[in-house]
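Okay, so here's the structure we're looking at.
These numbers come from the heavy atoms of this one structure, side chains and all, not from hydrogens, waters or symmetry mates. Keep in mind the model is a prediction, meaning the values are calculated, not measured.
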Amino acid sequence: MNSILDNDLFQALSTTSHHVYIYACDMKKDLSRWSENAVDYFDMPGEYMTNAGSIWLKRIHPDDRERYTRDLEQVFSGRNTHHKCEYRALNRHGEYVWLECRGTLILDGEQKPKLFAGLMTRLDAKNKYDPLTNLKTIYAFNNCDFTGKPGSLLLIDLDHFREIINKFGYSFGDNVLYRFSRKLELLCGPDRDVYRLEGDEFIILSPGGTAKDTEALFGEITLAARNLCGPDGQAVHLSISGGAVLYPEYGSKRDVLLGCLEHSLEHAKQISRGNLVFFSLEIAEHHNRTIQLKHALTRSIQNQFQGFQLYYQPLVDASCHRAVGCEALLRWFDPSIKWATITDVIRQLEYSGDIHIVGRFIVDQVFQKARKWQKDFPGLMVGFNVSYLQFKDSGFVDYLIQKANDYQLNPGFLCIELTESSKVDDFNTLAGCFEKLRSFGFCISLDDFGIAYSTLLLIRNLPVDSVKIDHSFTPHLTPDNTMDLAIVECVVNLCRKLQINIVVEGVETGEILDITSKFPVSLLQGYFFDRPMPADEFEKKIFKIYG
């Protein structure tokens, strides 16, 4: 028995914490003893080792080895009596974790090294509780065991929380997060655990939880978020999106379940914002496709927008069916991703924020064509789509005006069409943008009119010149379809009273054309007249009219 290493004190200290690791080395025999938790967590050869320094050095992150070695040399050379160093070490899961390592060298009567002993503390363990919300952190979540009783995990995210911080400041935002955390604890009760991740994301662990339980809890949280009080009793209305996974149905390992949660939440934020999405194999496939699309779009943008192209679809006068304008429509082609629709592309661009740079590319391409067409085909109206997210860029309106001036365009024959792909959350600012653009001379249209819940709010709060009745209504227009006929009739009557022009999309058959002719609309658009086409092909068709 080694009297230095084999003693009750070492055994007692080595079992005091799961996150503190004890080591001791008999320097004369080069024999080390490490606590069992260290051996297990760092996958060491055994509790007793010779040449432990070399074994351990291989587990230290390559970027930290020099610092670690230099600090030890200071101790063993006699220049320092204590070892203290922070570095990363590889654990049994293949992850580098930060450690604070402390050690002391004890000399014998001849002043030669006798014992080197100390402890290593995982720095993540010091952050078990979040200082702002007092909730457990991801580091505490990492110790959860999902191999026993089935249950559910719920990951929630506060939608657009950054806007609250931008508007009211960080202190206000922190106060809201604290109050929201208290609501979560109250709703979850003693049978669930709540963890705060970074920022405004939270995980709720429900041992024994089912899909039905989780849906009910999400509904309660959603309601609580909408009726939250901020500082000084100020009302704060939050919306949340959620991703959920049932375990062990979709895994029992922490990292696997976290991946499932993240995929589900991302799906909710992209496809079903404000709702809860449960993980499924379809979600996983969708996530993989989204990643493929994201990388492909990034390559296209970085490669001078390779694969992006604008097609133009004629707009015809409703009274004479003569082409008097066109709408520029974005297209994207990549031979490796044939499944992606343009809707998928636009959604990904908006989600990633690349809609801003692609949007400016569209403006530049459209204005180049408009400059030529305003000379060759006087009176031709050219419309192009703009996402609401682009108007949240404070410099976008000035960019449009500057570009129109640079190309010496008549803005009266340019129509900016606002798509309803994103929710408008600041009507006042958007109305100001529209007023400035209309004052300069641009025309403003509401595209996809009638498909979003905010349709009436848009027409009520925004100054526009026209609306485009969405093509989803027109394919089903028949004399017997009283529902869609009534909707179209109501929109037409409303716009007439507000002196707003009407464009009908999706006119694909003669029957639909006959029905729409009974309404006082201004312009028609659809496959019955022409499909979207490249610019040169569109020019040839228009030349027959204007030439």
Give a yes-or-no answer on whether the side chains of [X] and [Y] include a donor-acceptor pair shorter than 3.5 Å.
X      : Y      : value
Asp406 : Gln402 : yes
Asp174 : Ser171 : no
Thr50  : Asp30  : no
Asp344 : Gln348 : no

> Under the salt bridge (charged side-chain N to carboxylate O under 4.0 Å, His left out) criterion, do Arg192 and Glu220 qualify, and how do the steps go?
Replying inline: CA-CA 14 Å; Arg192 297 185 176 100; Glu220 293 174 354; 6.0 Å; no
> Taking Leu297 as the fixed residue, which of Leu349, Asp334, Asp354 is the one that meets the side chain to side chain contact (heavy atoms under 4.5 Å, CB included) rule?
Replying inline: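 Only match with Leu297 under side chain to side chain contact (heavy atoms under 4.5 Å, CB included): Leu349.
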Charged N to carboxylate O below 4.0 Å: is that the case for [X] and [Y]?
X      : Y      : result
Lys28  : Glu110 : no
Lys403 : Asp364 : yes
Asp426 : Lys167 : no
Glu185 : Arg182 : yes

Polar side-chain atom of [X] near backbone of [Y] as donor-acceptor pair, under 3.5 Å:
X      : Y      : answer
Ser264 : Phe279 : yes
Arg331 : Ile342 : no
Arg59  : Phe42  : yes
Arg92  : Asp40  : yes
Asn80  : His82  : no
Asp64  : Arg88  : yes
Asn37  : Val20  : yes

Nearest non-hydrogen partners of [X] and [Y], listed with the distance:
X      : Y      : result
Glu215 : Phe278 : CG-CE1, 3.6 Å
Arg79  : Glu73  : NH2-O, 4.2 Å
Leu261 : Ala244 : CD2-CA, 3.8 Å
Gly274 : Ser241 : N-OG, 2.8 Å
Ile355 : Ser387 : CG1-CB, 4.1 Å
Ala24  : Leu115 : CB-CD1, 4.2 Å

>> Quick one, Leu258 with Ile138, criterion side chain to side chain contact (heavy atoms under 4.5 Å, CB included). Give me CA distance, side-chain angles, the key distance, then yes/no.
In response: CA-CA 10 Å; Leu258 279 175; Ile138 185 62; 4.3 Å; yes
>> Contact between Cys144 and Leu205 at the side-chain level, heavy atoms closer than 4.5 Å - yes or no?
In response: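 They are in side-chain contact.
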>> For Val194 and Lys136: C-alpha separation, side-chain torsions, deciding distance, then whether side chain to side chain contact (heavy atoms under 4.5 Å, CB included) applies.
In response: CA-CA 7 Å; Val194 186; Lys136 294 178 182 179; over 6 Å; no
> In terms of the angle between their ring planes, are Phe76 and Phe116 parallel, tilted or perpendicular, with boundaries placed at 30° and 60°?
Replying inline: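 It falls in the perpendicular class, over 60°.
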> Taking the six-membered ring for Trp, is the centroid-to-centroid distance between Phe141 and Phe146 below 6.0 Å?
Replying inline: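 They qualify: ring centres under 6.0 Å apart.
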